[in-house]
Enquirer: 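What follows is a single structure, and I will ask about it in a moment.
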Amino acid sequence: MSKLILVDGNSIAYRAFYALPLLTNSSGIHTNAVYGFAMMLMKILEEEKPTHMLVAFDAGKTTFRHESYQEYKGTRQKTPGELAEQIPLVKELLDVFQIPAYEKENYEADDIIGTLAKASGSQGVETLIVSGDKDLLQLVDEHVRLLLTRKGVTETESYDIPAIKEKYGLTPAQIIDLKGLMGDSSDNIPGIPGVGEKTALKLLAKFPTVEEVIAHVDELPGKKLQEKVREHQEQALLSKKLATIYTEVPLDFGLDHLQLPERDTERIVEFFKKMEFKTLLSRVHKQDHAEKGEAVKNEVDVREVASLSGLEEMVDVFNAGSLALFIETSEDNPHHADIVGLAISDGQTQWYLPWEVAEQSDAVRGWLADEERDKLVYDMKKTQIVLANKGIIAAGLTFDVLLAAYLLDPSESQLELSDIVSRYGNEPIPADEDVYGKGAKRKAITGETLARHLAAKAKAIHHVTPVLKQELAKLDLDQLLFELEMPLASVLAEMERQGVFIDQARLEELGVELKQSLDRLEQEIYELAGVTFNINSPKQLGEILFDKLGLPVLKKTKTGYSTSADVLEKLAPQHEIVDKILHYRQVGKLYSTYIEGLKKEIGADGKIHTRFNQTVTATGRLSSTEPNLQNIPIRMEEGRRIRQVFIPSEPGWHILAADYSQIELRVLAHISEDEQLQKAFKEDKDIHTQTAMDVFGVAEDEVTPLMRRQAKAVNFGIVYGISGFGLARGLDIPQKEAREFIDRYFETFPGVKRYMDSIVERARKDGFVTTLSGRRRYLPAINAKSFGERSFAERTAMNTPIQGTAADIIKLAMVKLAQAMNERKLASRMLLQVHDELIFEVPEAELEEMKELVVAVMEDALPLSVPLSVDVNSGKTWYEAK
DNA sequence: TGTCTCACG
DNA sequence: ACGTACGTGAGACAA
């Protein structure tokens with residue numbers, strides 16, 4: 001079976017150039033477009049496995065389109081020099097991959113692709129077009145799909161005929177009619193002024209082509225629209241013509257000419273080396289192995305220590321200096337896991353110690369617990385937990401590869417050790433998935449395979465550590481690692497191990513109550529609907545509400561009707577079933593996630609041990625899993641009662657909860673240096689009321705509840721990186737009004753406005769933003785061409801320093817608190833963190849001391865130019881600590 | 001496995 | 001005209 005891939009070369013190069021920061025290699029050449037292009041190429045080759053391929057480029061300045069329309073592409077800005085100089089390199093890239101690049105005078109890449117796609121499609125050859133340009137949707141047919149870049153270069157969306165129908169309600173042929181009506185500013189195709197995508201789609205739903213729209217101009221809705229269509233009908237027809245891809249370009253070659261020869265890995269490697277594409281180099285090697293059915297080579301030298309006597313020689317090793325340690329566990333969750341074995345590396349030699357052997361050795365235990373003997377690890381929190389479960393207090397863990405890699409790029413989700421070592425240019429090691437298999441095929445490994453795999457990891461930890469240290473120093477992230485994240489890992493390990501005690505009787509009770517309520521609501525809904533159906537299925541629910549009961553469709557999702565709460569709330573007045581459904585959803589969520597879900601997680605000790613993940617969020621916050629204890633209900637009373645099941649693990653103790661008040665807005669006041677906002681906090685005003693007073697220009701007693709609610713929404717919006725659209729949605733008001741609120745806010749708080757502008761500017765210049773303690777987040781999309789991607793990056797640039805600094809502050813408070821509690825020899829225990837609050841269990845006798853201590857440490861954790869304020873409460877349950 | 005929905009800060 | 005509020009995790013459904 002043949003499979004042809006046609007790539008729109010200019011479009012992908014552009015995409016790559018704007019999506020990636022302007023990388024430069026050591027000889028000063030810009031390489032970002034080439035890099036992005038190569039990423040895309042490798043991904044496609046790997047995933048689609050084409051047999052034939054061609055990359056088309058635009059040739060010259062003018063095409064046959066300019067004959068009918070001089071201004072074609074007239075608004076297009078000149079290609080930036082940094083991109084133009086990379087085009088020959090892109091062609092060289094294609095050459096080493098032995099993929100034909102083609103261009104033809106007087107035609108655009110689109111036309112070449114169109115001609116080939118039509119020819120191959122008609123022969124029934126499966127054809128895939130890759131581009132960032134929606135225009136090419138018109139080429140889709142039964143055998144031709146379009147892969148449209150969505151975000152960056154490698155994230156794509158595949159379009160076939162049904163997908164186009166779904167998204168636009170059009171056939172592929174109608175795409176040119178769409179362009180004819182709405183135009184295309186990037187190609188300077190005029191269309192009909194005042195007609196955008198929305199209007200155009202509405203018209204095409206009624207009249208399938210531009211010609212039909214013109215013919216039925218009298219039937220169009222609205223006098224103004226009719227006029228516009230009449231006045232610009234010639235222009236619309238010309239636009240359609242310009243948007244039509246020409247599929248009869250004379251080509252002097254056929255499909256067989258495009259067959260891909262076997263890959264020449266050596267040439268590719270040589271080219272990537274020249275370009276200094278380290279990550280891609282390791283991927284080529286990997287793909288190469290995969291193709292030959294081999295795994296990444298594992299040539300590690302390992303000695304398996306199979307008996308206690310064999311451990312004697314280890315004593316010298318333990319005394320020798322920094323050793324890398326990797327502990328393999330029976331499962332991912334350290335609270336349930338058993339230790340399988342230990343791999344140790346001094347950088348040259350590796351030792352593997354099965355746990356049955358290691359646990360009997362005092363030398364091993366002593367080494368693990370000795371603060372003076374350095375151990376380099378991957379995931380120190382997990383290491384500490386599994387060892388603590390065996391009665392060993394791990395000490396001397398001086399470097400964590402996982403935390404280091406996270407700080408170097410917190411957006412990176414691939415943080416497995418094998419990913420990290422490849423990323424930082426070390427010799428690759430096999431990925432866990434390649435060794436253990438995945439999903440149902442996952443299997444345990446034993447014997448030498450196991451020993452070698454773990455040994456390779458320990459060795460890799462040893463080798464990658466100096467590289468990571470150097471990178472951290474370069475970006476000034478060492479302090480953050482050594483003084484914040486690593487100490488915090490130990491604090492979190494202790495919190496997780498401690499766990500939260502659960503009142504199981506109360507949990508049962510609430511469960512029975514909710515189940516009854518759920519059953520009753522279910523019956524009432526069936527009665528009102530006249531049939532039984534699955535209320536939890538958005539599909540079936542949509543059919544009942546919108547088809548059977550005929551409620552108006554206010555919003556659609558890409559798979560059908562939207563039945564989300566905000567839609568249902570608007571429909572509630574129209575039918576009494578809607579409120580029942582909303583209530584059913586609410587109770588159903590409580591029952592399945594919080595009753596059944598929590599029950600499953602209670603251990604033999606009657607406690608829940610969540611895991612705080614320290615390397616997930618892009619902002620520096622923690623996250624919580626298995627179960628997530630950071631989203632226990634509080635907003636609605638019915639759900640809030642779930643908090644009654646979280647109780648102290650010792651009789652007579654109390655739950656203490658301390659939360660920062662408005663920490664994000666205080667952080668904003670600090671970093672923006674806005675005097676007005678700082679004043680409000682220095683005078684300890686209710687910030688939403690104060691905002692309402694300032695923005696609406698009224699006195700305190702004139703602030704109505706509505707005004708305060710709106711001011712609150714504006715404050716939220718500010719923290720999220722404001723947009724008129726977003727605020728309009730949050731407040732359910734017209735966008736125009738929302739924009740007026742924002743304008744007035746910025747007039748009142750000009751420092752905030754200056755901050756928002758300057759942080760976006762900085763992000764554009766540097767490609768990243770930072771928090772107060774120097775944590776950084778890269779924003780490659782900040783210079784993207786697409787409005788959507790770029791705006792998203794801009795909002796992120798505004799939000800991340802705020803959210804991230806707040807995260808820094810509470811993390812620092814946790815480390816300092818743990819230390820203070822230790823020094824004072826308090827029995828109280830820190831149990832949970834929920835972004836801006838900390839939960840403890842506290843003996844009666846320590847209650848007052850703890851309240852004072854917690855408030856003091858949290859408020860002084862990281863002094864800002866405005867005071868931080870902490871509220872503290874206690875009670876017999878988490879519910880009561882409010 | 002992806003999508004939708006909804007719980008939290 | 002463009003088209004989203006920032007950051008998460010989990011359960012249910014439908015392929």
Side-chain angles (χ1 to χ4, degrees), chain A residues 182-186 191 193-200 410-411 439 534-542 557-568 581-582 585-586 588-598 600-601 610-613 616-636 639-640 642-643 659-660 662-664 713-714 716-731 735 738 742 777 785-804 806-807 810 832-837:
Chain A
M182 67 182 273
D184 182 342
S185 60
S186 71
V195 172
E197 182 172 303
K198 288 242 165 82
T199 314
S411 303
N534 187 344
I535 308 168
N536 284 322
S537 159
K539 187 161 167 259
Q540 293 182 39
L541 179 62
T557 66
K558 53 178 130 168
T559 52
Y561 308 120
S562 169
T563 65
S564 61
D566 62 318
V567 173
L568 296 190
I581 289 166
L582 280 166
R585 280 246 181 98
Q586 202 193 336
K589 175 86 179 179
L590 292 176
Y591 188 74
S592 68
T593 305
Y594 298 104
I595 301 292
E596 294 297 319
L598 287 182
K600 274 185 243 160
E601 305 288 348
T610 185
R611 293 156 70 193
F612 288 106
N613 201 320
V616 166
T617 71
T619 55
R621 274 190 176 183
L622 299 177
S623 83
S624 155
T625 49
E626 278 189 287
N628 181 354
L629 291 187
Q630 291 182 320
N631 70 348
I632 302 302
I634 189 166
R635 293 173 190 166
M636 298 294 221
R640 189 175 195 154
I642 300 283
R643 294 181 174 227
D659 68 294
Y660 282 107
Q662 304 298 347
I663 189 171
E664 294 193 334
V714 174
F716 264 95
I718 291 293
V719 170
Y720 291 158
I722 197 101
S723 76
F725 183 90
L727 182 64
R729 268 201 47 182
L731 277 174
Q735 224 182 113
I742 296 168
R777 178 179 184 178
K785 209 165 43 153
S786 129
F787 174 89
E789 278 172 54
R790 197 177 58 247
S791 323
F792 184 67
E794 288 169 359
R795 291 194 299 274
T796 311
M798 299 185 239
N799 172 264
T800 296
I802 301 173
Q803 193 184 114
I810 194 165
L832 298 173
Q833 188 250 44
V834 193
H835 310 307
D836 66 353
E837 75 174 317

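Each chain gets a letter, A, B and so on, in the order its sequence line appears, and its residues count up from 1.
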Enquirer: Is there a stack between Phe725(A) and dT4(C), judged by ring centres under 5.5 Å and planes under 30°?
Expert: yes
Enquirer: Could you tell me whether a side-chain N or O of Gln540(A) sits under 3.5 Å from a main-chain N or O of Asn534(A), the two making a donor and an acceptor?
Expert: yes
Enquirer: Check each of Leu622(A), Thr625(A), Asn628(A) against Arg611(A) using the side chain to side chain contact (heavy atoms under 4.5 Å, CB included) test, and report the only one that passes.
Expert: Thr625(A)
Enquirer: Hey, does the side-chain of Gln630(A) have a donor or acceptor N/O within less than 3.5 Å of a partner on the base of dC8(B)?
Expert: no
Enquirer: What nucleotide, of dG9(B), dT5(B), dA7(B), holds the atom closest to the side chain of Tyr594(A)?
Expert: dA7(B)
Enquirer: Looking at dA7(B), I'd like to know if its phosphate oxygens (OP1 or OP2) sit under 4.0 Å from a side-chain N or O belonging to Gln586(A).
Expert: no
Enquirer: Taking only N and O in the side chain of Asn628(A), is any of them less than 4.0 Å away from OP1 or OP2 of dT8(C)?
Expert: no
Enquirer: Does any non-hydrogen side-chain atom of Pro627(A) lie less than 4.5 Å from one of Glu601(A)?
Expert: yes
Enquirer: Evaluate the side-chain proximity of Leu629(A) to Leu598(A): yes if any heavy-atom separation is below 4.5 Å, no if none is.
Expert: yes
Enquirer: For Gly721(A) and Thr593(A), take the nucleotide of DNA chain C holding the closest heavy atom to each; which residue's nucleotide lies nearer the 5' end?
Expert: Gly721(A)
Enquirer: Between dT8(C), dT5(B), dC6(C), which nucleotide has the shortest distance from any of its atoms to the side chain of Thr563(A)?
Expert: dT5(B)
Enquirer: Does any N or O donor sit under 3.5 Å from an N or O acceptor when you compare the side chain of Ser723(A) with the base of dT4(C)?
Expert: yes
Enquirer: Counting only N and O atoms by type, is there a donor-acceptor contact under 3.5 Å from the side chain of Arg777(A) to the main-chain atoms of Pro410(A)?
Expert: no
Enquirer: Of the options dC6(C), dT5(B), dG9(B), whose atoms approach the side-chain atoms of Thr796(A) most closely?
Expert: dC6(C)
Enquirer: Does dG9(C) have OP1 or OP2 sitting under 4.0 Å from an N or O in the side chain of Ser623(A)?
Expert: yes
Enquirer: Of the nucleotides dA12(C), dC6(B), dC2(C), which has the atom closest to the Lys589(A) side chain?
Expert: dC6(B)
Enquirer: With a 4.0 Å limit, can you tell me whether Ser537(A) has a side-chain N or O closer than that to the phosphate oxygens OP1/OP2 of dA14(C)?
Expert: yes
Enquirer: Going by purine N1 to pyrimidine N3 plus the second Watson-Crick contact, or the G-U wobble pair, all under 3.5 Å, which nucleotide sits opposite dC2(C)?
Expert: none
Enquirer: Quick check for you: among dC13(C), dG11(C), dG7(C), whose closest atom lies nearest to any side-chain atom of Arg777(A)?
Expert: dG7(C)
Enquirer: Do the side chain of Arg795(A) and the base of dT4(C) come within less than 3.5 angstrom through a donor-acceptor pair of N or O atoms?
Expert: yes
Enquirer: Examine dT3(B): is either OP1 or OP2 under 4.0 Å from a nitrogen or oxygen in the side chain of Thr557(A)? Give yes or no.
Expert: no
Enquirer: Closer than 4.0 Å, any side-chain N/O of Arg729(A) to the OP1 or OP2 of dG3(C)?
Expert: no
Enquirer: Classify Arg611(A) by what it touches in the nucleic acid, base, sugar-phosphate, or nothing, heavy-atom distance under 4.0 Å.
Expert: nothing
Enquirer: Measuring from the side chain of Gln735(A) (C-beta onward, heavy atoms only), which nucleotide among dA7(B), dA5(C), dG3(C) has the closest atom?
Expert: dG3(C)
Enquirer: Return the 5'-most residue of the pair Pro410(A), Asn536(A) with respect to DNA chain C, ranking by each residue's nearest nucleotide.
Expert: Pro410(A)
Enquirer: OP1, OP2 of dG9(C) versus side-chain N and O of Ser624(A): anything below 4.0 Å?
Expert: no
Enquirer: Base, sugar-phosphate, or nothing for Ala713(A), non-hydrogen atoms under 4.0 angstrom?
Expert: base
Enquirer: Judged by atom type as modelled, is there a donor-acceptor pair below 3.5 Å linking the side chain of Asn613(A) to the main-chain atoms of Ser623(A)?
Expert: no
Enquirer: Does the dA7(B) base have a donor-acceptor partner in the side chain of Asn631(A) within less than 3.5 Å?
Expert: yes
Enquirer: Would you indicate, yes or no, if dA15(C) has its OP1 or OP2 atom less than 4.0 angstrom from a side-chain nitrogen or oxygen of Lys539(A)?
Expert: yes
Enquirer: Give the rounded distance in Å between these two atoms: CD of Glu626(A) and P of dG11(C).
Expert: 10 Å
Enquirer: Counting only N and O atoms by type, is there a donor-acceptor contact under 3.5 Å from the side chain of Gln630(A) to the main-chain atoms of Gln833(A)?
Expert: yes
Enquirer: What nucleotide among dA12(C), dG9(B), dA7(B) has an atom nearest to a side-chain atom of Arg621(A)?
Expert: dG9(B)
Enquirer: Would you mind classifying the nucleic acid contact of Gly717(A) as base, sugar-phosphate or nothing, using non-hydrogen atoms under 4.0 angstrom?
Expert: base
Enquirer: Looking at Arg635(A) and dG9(B), is any side-chain donor or acceptor paired with a base atom of the opposite kind under 3.5 Å?
Expert: yes
Enquirer: Out of dC8(B), dT5(B), dT3(B), which nucleotide sits closest to the side chain of Thr559(A)?
Expert: dT3(B)
Enquirer: Using the C1' atom as the reference point in each nucleotide, state the distance between dG2(B) and dA5(C) in Å, no decimals.
Expert: 23 Å
Enquirer: Would you tell me if any nitrogen or oxygen in the side chain of Arg585(A) comes within less than 4.0 Å of OP1 or OP2 on dC6(B)?
Expert: yes
Enquirer: Looking at the side chain of Ile634(A), which of dG9(B), dA7(B), dT5(B) is the nearest nucleotide?
Expert: dG9(B)
Enquirer: Roughly how far apart, to the nearest Å, are dT4(C) and dT3(B) at atom P?
Expert: 15 Å
Enquirer: Phe787(A) has a side chain; which of dG3(C), dT5(B), dG9(B) sits nearest to it?
Expert: dG3(C)
